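Here the structure is laid out as structure tokens; the discussion comes afterwards.
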Amino acid sequence: MRVEVFDISGRLVRTLYRGVLGAGEHGVEWDGRTAQGDRLQTGVFLYRVHVGSKAWSAKIVLDR
């Protein structure tokens, strides 16, 4: 499984999780920072969840 955050232009901002999880419900939190630790401004971002050969995407709003 992999959870990634992208800016609205499609550039990867941060990978939040990469690994294997057991069955069940799980949550991932994002602190609004890039992989380098830079704080991002308010805006619309996309997140993508990859599980095996499937992927799901949705918009999220970072509101500071």
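As the structure is a computational prediction, the values presented were derived from the model and not from experiment.
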Notebook entry, point to check: Which residues satisfy the side-chain contact (heavy atoms from CB on, under 4.5 Å) test with Ser57, sequence neighbours excluded?
Noted result: Arg48
Margin query: Going by ring-ring contact (aromatic ring centres under 6.0 Å, His included), name the pairs with one or both residues in residues 31-50, residues two or more places apart or in two chains.
Written below: Trp30-Phe45
Would you be so kind as to tabulate the donor-acceptor pairs closer than 3.5 Å made by side chains of residues 14-25, with sequence neighbours excluded?
{"residue": "Arg14", "atom": "NH1", "partner": "Asp31", "partner atom": "OD1", "Å": "2.6"}
{"residue": "Arg14", "atom": "NH1", "partner": "Arg33", "partner atom": "O", "Å": "3.4"}
{"residue": "Tyr17", "atom": "OH", "partner": "Val20", "partner atom": "O", "Å": "3.1"}

Margin query: According to a hydrophobic-cluster definition based on side-chain heavy atoms being under 4.5 Å apart (Ile, Leu, Val, Met, Phe, Trp, Tyr only), do Ile8 and Val61 belong together?
Written below: yes
Margin query: Using the rule that Ile, Leu, Val, Met, Phe, Trp and Tyr join whenever any side-chain heavy atoms are under 4.5 Å apart, tell me whether Ile60 and Leu46 fall into a single cluster.
Written below: no
Check: Under the salt bridge (Lys or Arg N to Asp or Glu O under 4.0 Å) test, which residues partner Arg11, sequence neighbours left out?
Finding: Asp7
Check: Step by step, would you call Arg64 with Arg39 a side-chain contact (heavy atoms from CB on, under 4.5 Å)?
Finding: CA-CA 10 Å; Arg64 297 259 181 214; Arg39 186 176 165 172; 3.1 Å; yes
Item checked: Any residue meeting salt bridge (Lys or Arg N to Asp or Glu O under 4.0 Å) with Arg2, in chain and number order, not counting sequence neighbours -> Glu4
Note to self: Side-chain heavy atoms nearer than 4.5 Å, only ILVMFWY residues, links allowed to pass through others: does that put Leu40 and Phe6 together?
What the structure shows: no
Check: What is the minimum heavy-atom distance between Gln41 and Leu62, and which atoms define it?
Finding: O-CD2, 3.6 Å
Notebook entry, point to check: For Asp63, what residues pass the side-chain contact (heavy atoms from CB on, under 4.5 Å) criterion, not counting sequence neighbours?
Noted result: Thr42
